[in-house]
Asks: 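Below are the structure tokens for one structure; questions will follow.
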Amino acid sequence: MGEEQGKKVLEDGWLAARSTDVELTGIQLTTTHPPSSDASPWMPAVIPGTVLATLVKNNLIPDPFYGINNEAIMDIGDSGREYYTFWFFTTFQCKLSSDQHVDLNFGGINYSAEVYLNGHQTILPKGMFRRHSIDVTDILLPEGQNMLAVLVYPPDHPGKIPPQGGQGGDHEIGKDVATQYVQGWDWMAPIRDRNTGIWDEVSITVTGPVKIVDPHLVSSFFDGYKRVYLHATTELVNKSATSANCSLKILVSTELDGNTNLVEHLQTQNLSIPAQSNIQYTFPQMFLYKPNLWWPNGMGKQSLYNVEIGVEVDGYGESDSWTNHFGFRKIHSEIDSVTGGRLFKVNGEPIFIRGGNWILSDGLLRLSKKRYETDIKFHADMNFNMLRCWGGGLAERPDFYHYCDIYGLLVWQEFWITGDVDGRGDPVSNPDGPLDHDLFLLCARDTVKLLRNHPSLALWVGGNEQTPPDDINTALTTDLKLHPFYLKSNSNSTSTSTTSKDETTLTLMDPSQYLDGTRVYIKGSLWEGFADSNGGWTDGPYEIQNPEDFFKDEFYNYGFNPEVGNVGMPVADTIRATMPEEGWVIPLFNELESGYVEEVANPIWVYHKYIPYSKPGKVHDQILMYGKPKDLDDFCLKAQLVNYVQYRALLEGWTSRMWSKYTGVLIWKTQNPWTGLRGQFYDHLHDQTAGFYGCRHAAEPIHVQLNLATYFIEVVNTTSEELADVAIEVSVWDLEGTCPYYKVSETLSIPSKKTVSLFEMTYPKSKNPKPVYFLLLKLYNTSNSHIISRNFYWLHLPNTTGDYKLLEPYKKTKIPLKLTSDISISGSTYNVRVKVKNKSKKPDPVTLLDKNKFMETDLDCDFDEVDKNKNKSKKKEKEIGLFKKVYGLLKDDDDGVRVSEVNGSGVGVAFFLNFSVRGSGKGFEKKGDKRILPVHYSDNYFSLVPEEEMTVNISFEVPEGVTPRVSLRGWNYDGGHTVR
């Protein structure tokens with residue numbers, strides 16, 4: 001009996017050793033002298049990962065992301081390439097039957113390698129972004145146990161790190177087709193091995209005589225998206241010595257409830273493939289009537305179909321099969337005539353882009369499905385709809401794109417060119433890009449084949465702040481030309497005839513025969529509708545701002561900003577977890593003659609690229625506006641207040657000019673591949689900053705907001721439907737708990753795809769307004785009082801000397817709370833639902849919408865409602881060890897609902913409440929950082945006015961043997977209170 005057909009990932013049992021410590025050859029290692037883990041110099045390896053990842057795992061170097069440990073690690077520019085040239089070794093079972101064939105596959109190696117299998121050598125050519133596949137059918141041992149050794153060489157031009165650092169070091173890495181951030185950037189310390197290693201999965205694939213290679217799926221649309229065709233082309237390789245008579249099948253299905261699949265289309269074709277040859281086969285186009293379309297996050301559901309291609313060979317049976325999900329959608333973009341910015345349309349609907357710049361998940365390339373899913377879900381939770389894979393990072397992996405497909409994130413994928421490294425840096429770098437242009441194009445074409453079937457992939461871009469060399473750009477422009485079906489946003493989409501002359505003609509040029517054909521190629525990130533469209537340095541800025549400036553006409557002059565950055569200080573727990581005590585020292589605040597303050601951070605923060613919360617001459621220190629911080633906890637808490645305000649204002653400012661001045665914005669950047677201190681909404685440990693939730697609110701599909709420049713209330717409707725029968729409730733609350741300003745608007749209708757300015761919030765112009773106050777906006781449905789959008793501000797009077805220092809004594813005002821919680825447990829996943837109510841009494845005669853009864857829509861369901869009855873037996877089983885009474889009155893009812901009351905005598909706003917989840921038990925006994933991460937919260941860093949209540953859904957996974965504890969803290973509650 002032969003080996004089971006299909007792919008088998010070789011992910012366990014890998015060993016590694018520095019090449020200079022191994023005296024044996026690859027032939028010896030894979031025949032007579034295989035290594036073992038208990039024999040020096042061999043050690044367990046991290047695959048996928050880098051050499052540094054393996055050395056960290058084995059405690060042979062300190063964690064480069066902790067403190068300034070990176071400075072203690074040898075840089076390849078000083079050590080030479082041999083120091084980071086490593087052997088990797090593993091064994092695997094594979095016993096073939098007759099007529100079976102097997103390929104050994106490498107998803108990505110940086111930078112070149114020698115492969116030895118059972119004493120046979122294969123040289124893998126250079127290039128980080130190319131796949132390798134080796135037919136090893138005749139090399140496998142008949143008894144089935146096989147030995148594999150891979151000698152991996154670093155990039156040819158790793159370069160050196162200049163004393164002053166800089167963008168891309170000395171730029172030498174740009175001579176190779178490899179990731180460029182590894183020489184360091186203004187947000188990243190250098191990666192000492194330049195990401196050398198086996199950085200993507202290693203696998204074997206077992207097939208019969210005929211193998212399926214790189215199918216291409218394309219959809220075309222007619223009659224207003226009612227009549228849809230699926231086009232498919234695949235390469236077929238006949239590995240046998242005889243001609244193969246084949247039956248080729250393609251099946252399109254969709255998953256219904258449970259495990260039931262509905263077959264939408266099934267087609268079978270017969271063909272013959274000559275011996276030892278490969279062919280491209282295009283299926284006859286397949287018709288579907290009104291399939292469910294795939295939509296980006298915030299526009300609709302991410303409907304996905306399963307497409308299966310199988311080939312059977314006469315006299316053998318099933319030879320190979322391929323399965324992939326596929327989304328029917330059409331993406332078009334053009335330069336908008338009103339704004340000059342690039343305007344994206346999905347399925348004919350314009351989409352206002354609010355997203356971020358993505359570098360990569362981890363700087364040591366410890367890439368995993370689990371981490372990718374958390375990363376991408378976080379972005380969907382923020383209501384983002386696009387991620388830009390920056391040109392100095394990776395061609396992202398299929399797992400990244402899989403979760404973007406699932407969660408609805410459009411992806412802008414750049415190739416490996418950056419302005420700083422490829423012609424525009426300081427010192428001026430090589431303008432001709434990599435030395436081997438053919439290699440660059442080979443990697444680019446292979447990347448297109450790898451990723452092109454993903455509905456989330458929206459566009460290709462030649463480089464970051466630079467274009468590829470002319471010959472590369474010309475080749476990419478030709479290779480990635482659009483099929484005529486995709487040249488115009490509505491081409492043939494309204495045709496009512498069954499066929500047309502144009503359609504029949506175009507069918508002869510099947511779109512699946514193109515390399516891509518469905519996505520636009522733009523030569524650089526500052527061209528053709530991005531920034532000034534001509535390559536000028538017109539992205540940015542990248543620093544703290546006065547929040548009201550985001551709303552001003554002069555803030556940014558172009559229609560689509562591909563990069564605008566800001567601060568990103570994490571919470572205090574993250575600082576303690578990633579730095580020694582010397583790194584817990586907060587900045588000095590030096591007052592300048594101008595009256596502005598200059599922050600002086602400690603050396604560890606400087607090393608981690610801390611960006612100040614002040615800009616002397618323009619922006620007063622935004623942390624000091626809340627009072628001088630006393631310690632790290634106080635500093636980080638006040639930084640979260642600023643993070644929330646900054647990023648909410650950024651997105652609200654852009655959305656305020658939706659379609660009238662802007663078509664989109666991408667924030668620089670959303671996360672860090674290491675423990676950096678700038679430009680992030682969650683840290684490398686996966687704990688969110690308050691800026692995460694500022695974005696989540698600001699980027700709602702339907703949103704009510706305050707224009708901080710004009711103080712007019714605005715409503716944003718990004719959906720395709722008019723918003724009718726709604727009203728806005730406006731209430732102002734002071735620090736004494738009174739409501740000096742209250743207004744309910746008339747019934748409103750908000751057009752589709754519009755931002756409407758409605759009326760001025762006049763409290764600052766009233767008699768004796770308070771210098772610091774809270775503003776609560778609620779957009780609600782007048783028929784049932786369901787709240788569609790809720791937005792809470794803390795404000796000072798709009799003058800140049802205003803601040804929030806009165807909030808400091810407000811910490812002493814203890815507001816009573818009632819916390820009602822329940823839980824469901826499924827395996828290791830906990831879903832906790834907590835209803836928080838501010839029990840202080842609201843002043844009469846004001847009558848407010850006191851409950852957050854959020855309207856359910858079909859747009860998004862990021863956080864599922866918790867079913868109290870689900871896993872009830874498990875719930876009862878866990879309660880005794882899981883929940884402890886810590887504060888106030890605590891009880892469980894018969895349904896497992898727990899009620900906790902936090903005592904307090906104050907009246908007013910419960911300000912800046914935030915949940916966290918911590919653990920005790922196995923693995924946490926001696927651990928300083930008790931947090932369980934990641935955690936998904938439906939909201940956090942929220943505030944409640946008197947008698948208002950809000951439900952927060954919390955989801956997390958708990959390691960075996962660990963007891964979780966959900967706690968609530970807040971501006972008025974510094975001690976923290978256990979909820980469950």
Side-chain angles (χ1 to χ4, degrees), residues 50-53 55-56 61-81 83-84 110-111 128 154-176 178-197 199 357-365 390-394 414 416-430 434 463-466 542 563 565 568 578-579 601 603-611 668-669 671-680 684:
T50 62
V51 168
L52 282 188
L55 295 175
V56 170
I61 59 171
D63 181 354
F65 299 163
Y66 183 87
I68 56 172
N69 284 350
N70 199 47
E71 289 298 288
I73 301 172
M74 181 74 74
D75 189 84
I76 193 172
D78 301 318
S79 68
R81 293 173 67 246
Y83 188 77
Y84 287 112
N110 192 21
Y111 185 60
M128 184 174 181
D156 291 346
H157 302 88
K160 293 182 177 291
I161 310 302
Q164 73 274 16
Q167 313 287 78
D170 64 4
H171 310 142
E172 282 292 295
I173 195 68
K175 294 180 178 179
D176 297 329
T179 187
Q180 296 184 358
Y181 81 97
V182 290
Q183 280 200 262
W185 227 264
D186 58 4
W187 45 265
M188 182 80 193
I191 301 294
R192 300 305 186 187
D193 67 351
R194 307 295 189 266
N195 280 162
T196 298
W199 68 277
N357 284 266
W358 168 270
I359 308 302
L360 66 160
S361 182
D362 176 64
L364 303 189
L365 302 188
W390 175 70
L394 297 179
E414 266 170 23
W416 318 285
I417 295 288
T418 66
D420 295 279
V421 174
D422 295 291
R424 305 182 75 174
D426 180 18
V428 175
S429 50
N430 171 32
N464 163 62
E465 299 177 338
Q466 178 62 300
Y542 302 91
E563 297 182 14
T578 59
M579 297 179 185
I604 298 178
W605 286 22
V606 172
Y607 192 81
H608 285 253
K609 313 298 184 178
Y610 171 77
I611 186 170
W668 182 266
K669 41 193 185 15
Q671 47 75 245
N672 272 303
W674 77 309
T675 51
L677 298 181
R678 67 164 64 192
Q680 60 187 355
H684 193 247

Asks: Taking all non-hydrogen atoms of both residues into account, name the closest pair between Gly391 and Asn464 and its distance.
Replies: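 Looking at all heavy atoms of both residues, the shortest contact is N-CB, 4.2 Å.
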Asks: Determine whether a donor-acceptor pair (N or O, by modelled atom type, separation under 3.5 Å) exists between the side chain of Tyr181 and the backbone of Gly363.
Replies: yes
Asks: Tell me the closest heavy-atom pair linking Trp674 and Met188, and the distance in Å.
Replies: CD1-SD, 3.2 Å
Asks: With no hydrogens and no angle check, is any side-chain donor or acceptor of Asn70 less than 3.5 Å from a backbone partner on Pro190?
Replies: yes
Asks: Output yes when a side-chain donor or acceptor of Lys669 lies under 3.5 Å from a complementary backbone atom of Asn357, and no otherwise.
Replies: no
Asks: Just by modelled atom types, is the Leu364 backbone N or O under 3.5 Å from a matching donor or acceptor in the Thr50 side chain?
Replies: yes
Asks: Between Val182 and Pro155, is any pair of side-chain heavy atoms under 4.5 Å apart?
Replies: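 Side-chain contact under 4.5 Å: no.
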Asks: Any donor and acceptor pair, going by atom type alone, linking the side chain of Tyr66 with main-chain N or O of Met579 inside 3.5 Å?
Replies: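 Yes: the side chain of Tyr66 pairs with the backbone of Met579.
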Asks: Does His608 have any side-chain hydrogen bond (donor to acceptor under 3.5 Å, both in side chains) partners at least two apart in sequence or in another chain, and if so, which?
Replies: Thr675
Asks: Verify, without hydrogens or angle tests, whether Asn672 (side chain) and Arg678 (backbone) share a donor-acceptor contact under 3.5 angstrom.
Replies: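 Yes, because the side chain of Asn672 sits within donor-acceptor range (under 3.5 Å) of the backbone of Arg678.
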Asks: Would you mind reporting whether Leu677 and Ile611 have side-chain heavy atoms less than 4.5 Å apart?
Replies: no
Asks: So, for Trp390 and Glu414, which heavy atoms are closest and what is the spacing to 0.1 Å?
Replies: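 For Trp390 and Glu414, the tightest heavy-atom pair comes out as C-OE1, 3.6 Å.
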Asks: Around atom CD1 of Ile73, are there more than 12 heavy atoms from other residues, nucleotides or ligands closer than 6.0 Å?
Replies: yes
Asks: Just jot down the salt bridge (Lys or Arg N to Asp or Glu O under 4.0 Å) partners of Asp156, sequence neighbours excluded, or say none.
Replies: Arg81, Lys126
Asks: Any donor and acceptor pair, going by atom type alone, linking the side chain of Arg194 with main-chain N or O of Gly159 inside 3.5 Å?
Replies: yes
Asks: Without swapping roles, check the side chain of Gln671 against the backbone of Leu360 for a donor-acceptor pair under 3.5 Å.
Replies: yes
Asks: Report the relative orientation of the aromatic rings in His684 and Phe65; use parallel for angles under 30°, tilted for 30 to 60°, perpendicular for over 60°.
Replies: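 Perpendicular, since the angle between the ring planes exceeds 60°.
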Asks: For Asp176 and His157, does a side-chain donor sit closer than 3.5 Å to a side-chain acceptor?
Replies: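 Side chains of Asp176 and His157: pair found under 3.5 Å.
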Asks: Is it the case that Tyr542 and Asp186 place a side-chain donor and acceptor less than 3.5 Å from each other?
Replies: no
Asks: Determine, step by step, whether Ile173 and Gln180 satisfy the side-chain contact (heavy atoms from CB on, under 4.5 Å) criterion, reporting the C-alpha distance in whole Å, the side-chain angles of both residues, the deciding distance to 0.1 Å, and the verdict.
Replies: CA-CA 6 Å; Ile173 195 68; Gln180 296 184 358; 4.2 Å; yes
Asks: I need the single residue from Asp420, Asp422, Thr418 that forms a side chain to side chain contact (heavy atoms under 4.5 Å, CB included) with Glu465. Which is it?
Replies: Asp420
Asks: Checking side chain to side chain contact (heavy atoms under 4.5 Å, CB included) against Asn195, which of Leu52, Val51, Thr179 comes through?
Replies: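 Testing Asn195 for a side chain to side chain contact (heavy atoms under 4.5 Å, CB included) against Leu52, Val51, Thr179 leaves exactly one candidate, Thr179.
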Asks: Where do Pro673 and Ile359 come nearest, in terms of heavy atoms and distance?
Replies: CG-CG2, 4.1 Å
Asks: Check Gln183 against Pro158 and note the closest heavy-atom contact, atom names and distance.
Replies: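 Minimum heavy-atom separation between Gln183 and Pro158: CD-O, 3.4 Å.
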Asks: What closest approach, in Å, do Pro154 and Tyr84 show between heavy atoms, and which atom pair accounts for it?
Replies: CG-O, 3.7 Å
Asks: Are Met128 and Leu394 close enough that some pair of their side-chain heavy atoms sits under 4.5 Å apart?
Replies: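 Heavy-atom side-chain distance check passes, below 4.5 Å.
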